[in-house]
Visitor: 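Provided herewith is a single structure, encoded as structure tokens, for subsequent inquiry.
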Protein chains: 2
Amino acid sequence: MFTERFLRHRRGVHLESEERARLEASISEIKTLPPRTNIVMAGDELSQSILLLEGFMSRYIDDRNGLRQLVAVHVPGDFVDLHAFPLKVLDHDVATMTAATVAIVPHSELEAITHDLPALTRKLWFSTLIDAAIHRAWLFRFGRLDAVGRVAHFISETNVRLMSAGLSDGRRFALGLIQSDLAEICGLTNVHINRVLRQLREERLCVFRSSLVEILEPAKLAARGQFDPAYLYIDLQSAESPSSRPRLNS
Amino acid sequence: MFTERFLRHRRGVHLESEERARLEASISEIKTLPPRTNIVMAGDELSQSILLLEGFMSRYIDDRNGLRQLVAVHVPGDFVDLHAFPLKVLDHDVATMTAATVAIVPHSELEAITHDLPALTRKLWFSTLIDAAIHRAWLFRFGRLDAVGRVAHFISETNVRLMSAGLSDGRRFALGLIQSDLAEICGLTNVHINRVLRQLREERLCVFRSSLVEILEPAKLAARGQFDPAYLYIDLQSAESPSSRPRLNS
DNA sequence: CAATCGTGATGACGCAGGTTAATTTACAGA
DNA sequence: TCTGTAAATTAACCTGCGTCATCACGATTG
């Protein structure tokens, strides 16, 4: 069940079993990728997309001096570059952050799905729009939060996303990122990220280590980053049985 | 022809005449909206989306102190909240910036299109992904550009988008925004926006007035903001005849 | 015609975060 | 055990932008 985590707990878009089966059947290959490896370059003509099964991946834009700005971090269950199906060419690079396992889905299979299964198509569309909603939350983070708030917001967001993927218990999770990754995520320097992490440690809100993130006070951390998880469209309470879940429509 | 500007000049997604006709037929109403009016609130359950015909609209997130961060600015031809069709509930507010004319499209019509016309569906999907690509460019702007660069990038982006809509000649365009709008767009204070605009004026790159934006040196302005229009997927060279344009596929 | 308000312009001052550089720690490999 | 390297930490200094305040101008409105 490679698609197990895809759209899990997402409000209003439960995958029916036949839809899930169709997605599974669309996978052409499972690959293991080494850490810190560029997978897609901006401008490449793409004919397949990547569903992330294990590990962490990123999407980023480099400036003319080589300074990097991450525009997305992906966790297991994310359809990393599904947007390449309609777009065909991307405006940014895609890379692994840690070692990763991915499922490859050819665009020809997705094309067939758009003809056969409009409901599944709309769920795929939905999943690309979650990424856009996360982009917007990041814009808010950049525009209106100070350094501590930005890091607090990112850690809170990642915590919820990993809870949904079953990879965080709400207080502790593994994240293979180093401090300079956080810098490229939050639009800060690694020196300042270090200062921020010390402050979060001293205020007993959160301890960040490359191997393990521990959130001591989830509610306070979220408040510090003005984090409201609504934009993730995650409903952790929802039972897994389709009958008890509100449906998108018809 | 209300949909005249929708997806105009977008690389690889030319609307066939029957597709355009179907979209036109989906419009339930044309509305005129006053300036500075909130149209959609975060959390509302939505059953229609808005195609912007004339004027400017914005999408934004307010912080807990009421400070506003714009996450998108929309120009004529944009399907402002098409993403509300798959999402149903938005994570942000939508408002007019200037007086605006919009076409209303009920989600029931879009639902029908996803069943009947997979190719058009994918073009609609594509258009929501352009918005996401613009989000990413904004993330880059926030993370890696200084104040002057951010404003230069925004003005360059807006210029290209308006050229595509036929509302800029590449050097001059009307934009009903005031300086504090720019502040909320660029994540700066209006005081500092004022300083930045003075600098752009003194460097003879660009003159910004609420009524009219004049770009004196488009290339230099773009360079100052590290602006590369690739992410807009606009091809102004492309002829309007479908035969001469590269097609998405089949 | 006065009063008010929205917008723009500008100056003084302070601080969050950038820059540079040096030091320490943690590991992997020989 | 020693060594080389990536990552983390910390200090000293500087600057871009925020904050606060004032003033000017034009458009409304009473």
Side-chain angles (χ1 to χ4, degrees), chain A residues 34-37 56 63 65-69 97-99 141-155 174-203 206-214 224-225, chain B residues 34-37 56 63 65-69 97-99 141-155 174-203 206-214 224-225:
Chain A
R36 310 283 162 185
T37 309
F56 296 95
D63 84 349
N65 306 315
L67 275 181
R68 178 162 297 185
Q69 180 58 54
M97 304 189 83
T98 64
R141 182 191 295 162
F142 281 123
R144 295 298 160 209
L145 298 183
D146 64 6
V148 175
R150 289 187 203 180
V151 174
H153 189 281
F154 173 72
I155 293 177
L175 188 73
L177 308 191
I178 63 178
Q179 294 187 2
S180 50
D181 290 325
L182 273 189
E184 292 174 347
I185 289 166
C186 295
L188 300 166
T189 59
N190 47 9
V191 174
H192 200 65
I193 283 287
N194 187 281
R195 294 193 271 245
V196 166
L197 290 180
R198 173 155 53 118
Q199 189 178 332
L200 288 175
R201 217 182 305 129
E202 286 171 357
E203 290 180 11
C206 165
V207 179
F208 179 97
R209 263 168 295 155
S210 161
S211 47
L212 181 72
V213 180
E214 282 187 272
R224 186 64 183 78
Chain B
R36 309 283 162 185
T37 309
F56 297 95
D63 84 350
N65 306 314
L67 276 181
R68 178 160 297 183
Q69 180 58 54
M97 304 190 83
T98 65
R141 182 191 295 164
F142 280 120
R144 297 296 161 210
L145 298 184
D146 64 5
V148 175
R150 289 187 202 180
V151 174
H153 188 282
F154 172 72
I155 292 176
L175 188 73
L177 308 191
I178 62 179
Q179 293 186 3
S180 52
D181 290 325
L182 273 189
E184 292 173 347
I185 289 166
C186 294
L188 299 165
T189 59
N190 47 9
V191 176
H192 200 66
I193 283 287
N194 187 282
R195 295 193 271 245
V196 166
L197 291 180
R198 173 158 51 121
Q199 189 177 331
L200 289 174
R201 217 182 304 127
E202 286 171 357
E203 291 180 10
C206 166
V207 179
F208 179 98
R209 264 167 296 155
S210 162
S211 48
L212 181 73
V213 180
E214 282 186 272
R224 185 65 183 77

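For the numbers below, each heavy atom of this structure counts, side chains included, while hydrogens, waters and symmetry mates do not.
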Visitor: With side-chain contact (heavy atoms from CB on, under 4.5 Å) as the criterion, how do B:R141 and A:Q69 come out once you've worked through the C-alpha distance, each side chain's angles and the decisive distance to 0.1 Å?
Guide: CA-CA 9 Å; B:R141 182 191 295 164; A:Q69 180 58 54; over 6 Å; no
Visitor: Can you check the B:F142 CZ to D:dC17 C1' distance for me, whole Å?
Guide: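 It works out to 15 Å between those atoms.
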Visitor: Do A:R195 and A:H192 get their side chains close enough for a donor-acceptor pair, meaning under 3.5 Å?
Guide: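 Side chains of A:R195 and A:H192: pair found under 3.5 Å.
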Visitor: Measure the CG-CZ distance between B:N194 and B:F208 for me, rounded to the nearest 0.5 Å.
Guide: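 Nearest 0.5 Å value for the CG-CZ distance: 11.0 Å.
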Visitor: Send over the distance from A:Q179 CD to D:dA8 P, rounded to a whole Å.
Guide: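 Answer to the nearest Å: 4 Å.
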Visitor: Output the distance between atom OG1 (B:T189) and atom CD (B:Q179), rounded to the nearest 0.5 Å.
Guide: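 If I round to the nearest 0.5 Å, the distance is 11.0 Å.
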Visitor: Regarding B:L188, tell me which of base, sugar-phosphate or nothing describes its non-hydrogen contacts under 4.0 Å with the strands shown.
Guide: sugar-phosphate
Visitor: To the nearest 0.5 Å, what is the distance between CG on A:D181 and CZ on A:R68?
Guide: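 Spacing of CG (A:D181) from CZ (A:R68) equals 9.5 Å.
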Visitor: A:H192 has an atom NE2; how far is it from atom C1' of D:dA12, in whole Å?
Guide: 16 Å
Visitor: With side chain to side chain contact (heavy atoms under 4.5 Å, CB included) as the test, pick out the partner of B:R224 among B:V148, B:L145, B:V151, B:I155.
Guide: B:V148
Visitor: For B:G149, answer base if it contacts any base atom (sugar-phosphate contacts may also be present), sugar-phosphate if it contacts only those atoms, and nothing otherwise; contact means non-hydrogen atoms under 4.0 Å.
Guide: nothing
Visitor: Distance check needed: D:dA27 P versus B:I178 CD1, whole Å only.
Guide: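 Between P of D:dA27 and CD1 of B:I178: 16 Å.
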Visitor: Whole angstrom is fine here: how far is it from CD1 in B:I193 over to P in D:dG18?
Guide: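 After rounding, the gap between these two atoms is 8 Å.
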Visitor: In terms of the nearest nucleotide of DNA chain D, which residue is placed more toward the 5' end: A:N194 or B:T189?
Guide: A:N194
Visitor: What range of DNA chain C does chain B touch, first nucleotide to last, counting atoms under 4.0 Å from its heavy atoms?
Guide: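 Range of nucleotides touched by chain B: C:dT7 to C:dA12.
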Visitor: Rounding to a whole Å, what distance do you find between B:R150:CZ and D:dG16:P?
Guide: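 Interatomic distance, CZ of B:R150 to P of D:dG16: 14 Å.
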Visitor: With DNA chain C as reference, determine whether B:L177 or A:R195 sits nearer its 5' end, using the nearest nucleotide of each.
Guide: B:L177
Visitor: Please work out if B:D146 contacts a base, only the sugar-phosphate, or nothing of the nucleic acid, heavy-atom cut-off 4.0 Å.
Guide: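 If one applies the 4.0 Å heavy-atom cut-off, B:D146 turns out to touch the sugar-phosphate alone, with no base involved.
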Visitor: Find the distance A:Q199:CD to D:dT9:P and express it as a whole number of Å.
Guide: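 Interatomic distance, CD of A:Q199 to P of D:dT9: 14 Å.
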Visitor: Rounded to the Å, how far apart are B:N190 CG and D:dC17 C1'?
Guide: 13 Å
Visitor: Taking it one step at a time, do A:L182 and A:V196 satisfy side-chain contact (heavy atoms from CB on, under 4.5 Å)?
Guide: CA-CA 11 Å; A:L182 273 189; A:V196 166; over 6 Å; no
